[in-house]
Amino acid sequence: VYTQPITEIVRQRFSCRTYENRPIEPEKRHLLNRFIAETPAGPLGTSARFELVAATGQDLEALKGLGTYGFIRGATGFIVGAMRGKEDLLEDFGFLLERIVLHATDLGLGTCWLGGSFTKSSFAERIGVVGDEIVPAVVSVGHIANNRRSVDRLMRLVANSDNRLPWERLFFQGGLDAPLSREEAGVYAVPLDMVRLAPSASNKQPWRIVRDSSTWHFCLRRTPGYRKRRASRWWVTVDLQRVDLGIAMSHFELTARELGLPGAWQVAEPSIVKSDERIEYVASWVGQ
Ligand SMILES: Cc1cc2nc3c(=O)[nH]c(=O)nc-3n(C[C@H](O)[C@H](O)[C@H](O)COP(=O)(O)O)c2cc1C
């Protein structure tokens, strides 16, 4: 599906907030649309639908009304997604949309996940939400500009985007008190490295993974007060840290499969995780 190794694509991806003012070529739009049309159900069983809204000529008529409060400049497209409004399945949304992000990256395009800074009602209108559907997040897409604006640098600085938490704070063995070293992870060190490079809302990296022999339990460690802060309450409408978990799951699965490490997702909370108040269990990758 991807033309480059997934490890390369993951390393190339970054949150691109300034784009060249030139539309995405018809060929690339076609490839993206085809990939989007083949979106399967997520690992927890929910479906979501996605649409590429893109300018086709020099005029940006197609994007009229789709705003980003100035955080994004020059994007000539957006990938908009909608799903039935069940918060506890937002992981599937993150998983499925990140597959598309990685495809866009593989096509040489820049992307940026937007969970807060997008005009929600206009995007919802554009994708034609029905019933209890919600638009949890969107992704801007387009040609990467050479020059970064100062607002881009500021955003990266505020979110500390260039740094990731060290291994020992993310990956564990048997329980949260025993960090897992890269050596101990063996062949799984690479899928875990790819989790570490995943994007997350405000770069909070809420993923915690606990290994139990060949099973990898994916858990959420919430950033204290993240959704309660006044600014984020106004800005963010859904539980973005669940979306983050789904993104991490997609990086892990795609890398494991590429390395020939088969497995499947399963939801069965293990006792080692249940007993830990600091984390919420999400799902497990059961290696075969
Ligand atoms: C679910 C989600 C929501 C995000 N929302 C926004 C947003 O509203 N505005 C923005 O500028 N960046 C947003 N980001 C981008 C993050 O700030 C970025 O992924 C993080 O700082 C790491 O930087 P990187 O993507 O360049 O590796 C979001 C990322 C994710 C995964």
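The first residue in the sequence is number 1, and the count goes up from there. Counting convention: from 1, in listed order, for ligands and their atoms alike.
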- Item | A137 to ligand 1, any heavy atom closer than 4.0 Å |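 A137 does not count as a contact of ligand 1 under the 4.0 Å cut-off.
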
- Query: Looking at ligand 1, does Q205 have a heavy atom less than 4.0 Å from it?
  - Reply: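 In this structure, Q205 fails to qualify as a contact of ligand 1 - no heavy atom is under 4.0 Å.
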
- So is G116 polar-close to ligand 1, meaning N/O to N/O under 3.5 Å?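 Right, the criterion is met.
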
- Looking only at distance, does G115 have an N or O less than 3.5 Å from an N or O of ligand 1?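 For ligand 1, there is an N or O atom that lies under 3.5 Å from one belonging to G115.
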
Ligand-side contact atoms (ligand 1) for residue partner [X], heavy atom cut-off under 4.0 Å:
| X | result |
| --- | --- |
| F14 | 26 (O) |
| I247 | 31 (C) |
| M155 | 10 (C), 11 (O) |
| L114 | 5 (N), 6 (C), 7 (C), 8 (O), 9 (N), 10 (C) |
| S200 | 16 (C), 18 (C), 19 (O), 20 (C), 29 (C), 30 (C), 31 (C) |
| P199 | 19 (O), 25 (O), 31 (C) |

- Report the residue from F35, F123, F93 that forms a ring-ring contact (aromatic ring centres under 6.0 Å, His included) with F50.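 Exactly one pass, corresponding to F93.
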
- Out of F172, F95, W265, which residue meets the ring-ring contact (aromatic ring centres under 6.0 Å, His included) rule with F218?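 Between F218 and the candidates, ring-ring contact (aromatic ring centres under 6.0 Å, His included) is satisfied uniquely by W265.
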
So, [X] versus [Y]: side-chain donor-acceptor pair below 3.5 Å or not?
| X | Y | answer |
| --- | --- | --- |
| Y19 | S140 | yes |
| W113 | E98 | yes |
| R164 | N203 | yes |

- Query: So M83 and R49, side chain to side chain contact (heavy atoms under 4.5 Å, CB included) or not? Walk me through it.
  - Reply: CA-CA 7 Å; M83 74 183 300; R49 57 190 185 91; over 6 Å; no

- Item | Under 4.5 Å side-chain linkage, directly or through intermediates, the cluster mates of L157 |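 In the cluster with L157 there is nothing else; it is isolated.
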
Is it the side chain (CB and beyond), the backbone, both or neither of [X] that lies under 4.0 Å from ligand 1, heavy atoms counted?
| X | answer |
| --- | --- |
| R242 | neither |
| N160 | neither |
| A159 | side chain |
| D244 | side chain |

- Between F171 and W216, ring centroids under 6.0 Å: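 When the ring centroids of F171 and W216 are compared, they turn out to be at least 6.0 Å apart.
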
- Item | Mutual orientation of the aromatic rings belonging to Y188 and F252 [parallel < 30°, tilted 30-60°, perpendicular > 60°] |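 It falls in the parallel class, under 30°.
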
